[in-house]
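I have placed the structure first, in the form of structure tokens, so that the comments after it can refer back to it.
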Amino acid sequence: MSHTTSASTPVAVVTGASSGIGAATARALAAVGYDVVLGARRVDKLERIAAECGGRAIPLDVTDDDSVAAFAAQVERCDVLVNNAGGALGTDSVAEADLDDWQWMYDVNVLGTLRVTQALLSKLVDSGDGQVITIGSIAAREPYKGGAGYNAAKHAVAALTRVLRLELLGQPVRVCEIDPGMVHTDFSLVRFKGDQAKADAVYEGVEPLTAEDVADTVSWVATRPPHVNIDQILMLARDQTSAQVVHRREA
Ligand code: 8X3
């Protein structure tokens, strides 16, 4: 695929861009004029999305130091970084918690966000108007039963993001945390380790947010004037008022 980057076209990097919120965000940012660099592990899917939005697909595993270094080395310019890669595994109670699930959630959500942000930070500063937009979760604000591993990881992502904002004050980099509630993606299928019936039950009788709804918000944040920092957004479906308070219609 041919890819031409003019010196003045801003570049947006999106992690976890092979599906869901990441793929929708890559499309949305391309539509408002960014050259998009898409990172994810699933290269086939990634290349398809990249082709759709005239972007560049680069393999990226945010849990792997070498993969992040190789990815960042291929990104010459970065104006916007969307830290989207992440996910949940399991809904075990604390008493029954699976350490491997927790380890993965910490690695992909927290350390993954840290690795990619660190690797691209100097380029964000050099852009003269950089932005880090991190996709958190309502789970970062509200603990819920069965959520402890994901709650802990997303609370940590929120802490990292808010500290980054403090530490970058005075530099030309904005930092935003977008915390969605229920979004219909393969999030629940991953959480329930491929159990489609359990995943479907999460969205039953509810009109959840779509990946495009979140992408639209990312795009709005990214296109505010340089002096405006949207610090935090909690966005929920009308059918959801808190992590476990959801209005379900009868079938
Ligand atoms: C996903 C939302 O409520 O399943 O980030 O934790 S929730």
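One-based numbering, in listed order, for ligands and for the atoms of each. The analysis underlying the following values was restricted to heavy atoms, covering all of them including side chains, and did not include hydrogens, waters or symmetry mates.
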Please report the closest heavy-atom contact between [X] and [Y], naming both atoms and the distance.
X      : Y      : answer
Ser242 : Leu236 : N-CD1, 4.5 Å
Leu89  : Val190 : CD2-O, 3.4 Å
His184 : Pro208 : CB-CG, 3.7 Å

Just the distances, no angles: every ligand 1 N or O to protein N or O pair closer than 3.5 Å, one line each.
from: ligand 1; atom 1: 5 (O); to: Ser137; atom 2: OG; distance (Å): 2.6
from: ligand 1; atom 1: 5 (O); to: Tyr150; atom 2: OH; distance (Å): 2.8
from: ligand 1; atom 1: 6 (O); to: Tyr144; atom 2: OH; distance (Å): 2.5

Inset, instruction - Using only heavy-atom distances, determine whether the side chains of Ser219 and Asp216 contain a donor-acceptor pair under 3.5 Å. - result: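 Side-chain D/A pair, Ser219 to Asp216: absent.
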Inset, instruction - State plainly whether the residues Glu207 and Arg238 are in salt-bridge range, i.e. N to O under 4.0 Å. - result: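 Arg238 and Glu207: not salt-bridged.
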Inset, instruction - Calculate, to the nearest 0.5 Å, the distance between atoms NZ and OG belonging to Lys193 and Ser188 respectively. - result: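 Nearest 0.5 Å value for the NZ-OG distance: 14.0 Å.
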